[in-house]
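These notes concern the structure reproduced below.
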Amino acid sequence: MGMFLKIWALIMGMIMAFFSAKTPAKAYEPETVVINGVTYKNCFIPEYASLSGSVQIDTKEPFYTEESGLFRSKTDWYKINDRIIIRGKERYPISKTPGTVYYCRESDWNNLKAHYGNIDNWTCYIGTSYLINGERIDDTRIDPQHYSSAFLNGIMQFAYDCSSKNMYKPTRLPQKIDTITSSFYIGMESADNLFMAGTGGIVESVGSFYIEGTYYEGLYIEAFRVPDELQDNIRELAEQYEDAVWHLPDNYRKM
């Protein structure tokens, strides 16, 4: 019996290890495809970025139709502009990193990679989905002197890793009005208005900032604590642009 239990424990340990281990995230690495004799390459925008919602994709006339697979499945390609094409109709693919569906000519790849990798070619905003003083206000543009490339890349990548890669374990924040003292988000848009990125909701609770996750109504919010090295940067932005941030009303603070 003792040997049986040891073998059973070993088997169960192997099973639990299989189910509990996280599947390694696929590296964000470029791939190429040849269309009509021209080589195209993807992953030229940051991993956390995707096509702006203001960009219209003309899906009526495919740029190219690709046939592949055992059952000859088809994939339509569409033009974003003269330099960039998209694989399929989904601008925000659920099962893929957004940047992997956008391709440019391989000859343009280095220039576009450098362009979209330079934060100087993006505009940064801060805003909130809440009403402030009874009215909704537009997002506020952040002066570049108040953020760095390291900060913007860091916070956007962290938010993306939380929402799309499940790389971090969430913290449960109680859903009580006096436990969350402020809320806002940070967004960015490329200078050519083609691509955008955002953090989703950022909340402050007990002196620390978190990226909002799943709400469990009446119970708690699952949220991800922002890394220590980004906490001070976020606080500086929230204080510098406090009119664009939702704050806990004073009357609740006094209760």
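Counting from 1, the numbers follow the sequence of the chain as shown. Since this is a predicted model, take the numbers as computed values, not measurements.
- Between the side chains of Tyr48 and Asp161, no donor-acceptor pair of N or O atoms lies under 3.5 Å.
- Neither Met196 nor Val55 shares a network with the other; the hydrophobic side chains, linked directly or stepwise wherever heavy atoms of I, L, V, M, F, W or Y lie under 4.5 Å apart, form separate groups for each.
- Aromatic ring pairs are classed by plane angle as parallel below 30°, tilted from 30° to 60° and perpendicular above 60°; the pair Tyr116 and Phe44 is tilted.
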Could you go through Leu173 and Thr179, starting from their C-alpha distance and side-chain angles, then the distance that decides it, and tell me whether this counts as side chain to side chain contact (heavy atoms under 4.5 Å, CB included)? CA-CA 8 Å; Leu173 302 180; Thr179 60; 5.7 Å; no
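- Ile186 pairs with exactly one of Asn233, Ile202, Asp139 by the side-chain contact (heavy atoms from CB on, under 4.5 Å) rule, that one being Ile202.
- Within the 3.5 Å criterion, the main-chain N or O of Phe195 finds a donor-acceptor partner in the side chain of Ser190.
- When all heavy atoms of Lys41 and Thr32 are compared, the closest pair comes out as CG-CG2, 3.9 Å.
- Within the 4.5 Å cutoff, the side chain of Cys43 has heavy atoms near those of the Thr100 side chain.
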Go through the steps to decide whether Thr171 and Glu222 satisfy the test side chain to side chain contact (heavy atoms under 4.5 Å, CB included), and finish with yes or no. CA-CA 6 Å; Thr171 298; Glu222 284 193 344; over 6 Å; no
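- The shortest distance between side-chain heavy atoms of Lys79 and Asp82 falls below 4.5 Å.
- Note: the hydrophobic cluster containing Phe151 also contains Ile142 (ILVMFWY, side chain heavy atoms under 4.5 Å, direct or indirect links).
- A 4.5 Å side-chain heavy-atom check between Asn42 and Tyr102 finds every atom pair outside the cut-off.
- Heavy atoms only, all atoms of each residue included: Tyr160 and Pro98 are closest at OH-CD, 3.7 Å.
- There is a path of hydrophobic side-chain contacts, each under 4.5 Å, that joins Ile211 to Tyr168.
- Summarising the geometry of Tyr28 relative to Ile45, their closest heavy-atom pair is OH-O, 2.8 Å, with the distance given to 0.1 Å.
- With ring centers used as reference points, Phe224 lies 6.0 Å or more from Phe158.
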Show your reasoning for whether side chain to side chain contact (heavy atoms under 4.5 Å, CB included) applies to Leu219 and Arg172. CA-CA 9 Å; Leu219 298 174; Arg172 292 182 176 182; over 6 Å; no
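- Rounding to the nearest 0.5 Å gives a distance of 6.5 Å between CZ of Phe209 and CD1 of Ile234.
- We find the CG-CD distance between Asp228 and Gln231 to be 6.5 Å, quoted to the nearest 0.5 Å.
- Distance check, rounded to the nearest 0.5 Å: CD of Gln56 to OG of Ser54 gives 8.0 Å.
- Of all heavy-atom pairs spanning Glu212 and Ser183, the tightest one is OE2-OG, 4.2 Å.
- Residues Tyr64 and Tyr78 fall into different hydrophobic clusters, defined by Ile, Leu, Val, Met, Phe, Trp and Tyr side chains chained together at heavy-atom separations under 4.5 Å.
- Between Pro46 and Trp122 there is a side-chain heavy-atom pair separated by less than 4.5 Å.
- By the 4.5 Å heavy-atom criterion applied to side chains, Arg91 and Ser50 are not counted as neighbours.
- Taking the six-membered ring for Trp and the full ring otherwise, Phe184 and Tyr241 have centroids separated by 6.0 Å or more.
- By the 6.0 Å contact criterion, CZ on Arg225 is enclosed, its count of non-hydrogen atoms from other residues, nucleotides or ligands being greater than 12.
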Which is it for Asn81 and Asp192 under the side chain to side chain contact (heavy atoms under 4.5 Å, CB included) test, yes or no, and what are the steps along the way? CA-CA 11 Å; Asn81 57 29; Asp192 57 13; over 6 Å; no
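- Annotation: the span from Thr65 atom OG1 to Ile35 atom CD1 amounts to 10.0 Å, rounded to 0.5 Å.
- Here the CH2-CZ distance, from Trp109 to Arg83, works out to 14.0 Å after rounding to the nearest 0.5 Å.
- Under the 3.5 Å distance criterion, the side-chain polar atoms of Glu47 are left unmatched by any main-chain donor or acceptor of Gly99.
- In this structure, Tyr103 has its ring center under 6.0 Å from that of Trp77.
- Within 6.0 Å of the CD atom in Glu61, the count of heavy atoms belonging to other residues, nucleotides or ligands does not exceed 12.
- Residues Ser182 and Val245 share a closest heavy-atom pair of CB-CG1, 3.9 Å.
- Taking NZ of Lys113 as the reference point, atom CG of Asn118 lies at 12.5 Å (rounded to 0.5 Å).
- In this structure, Ile221 and Val203 have side chains that are not in contact, with every pair of non-hydrogen atoms separated by 4.5 Å or more.
- Proximity of Tyr147 to Ile155: side-chain heavy atoms (C-beta onward) are nowhere separated by under 4.5 Å.
- In terms of hydrophobic clustering, with Ile, Leu, Val, Met, Phe, Trp and Tyr side chains grouped at heavy-atom distances under 4.5 Å, Tyr125 and Tyr185 are assigned to different clusters.
- What you find for Leu51 and Leu194 is that their closest heavy atoms are CD1-O, 3.3 Å.
- Look at Glu31 and Arg87 and you find no salt bridge, because none of the NZ, NE, NH1 or NH2 atoms lies under 4.0 Å from a carboxylate O.
- Under the 4.5 Å side-chain criterion, counting only non-hydrogen atoms from C-beta, His146 is not in contact with Glu236.
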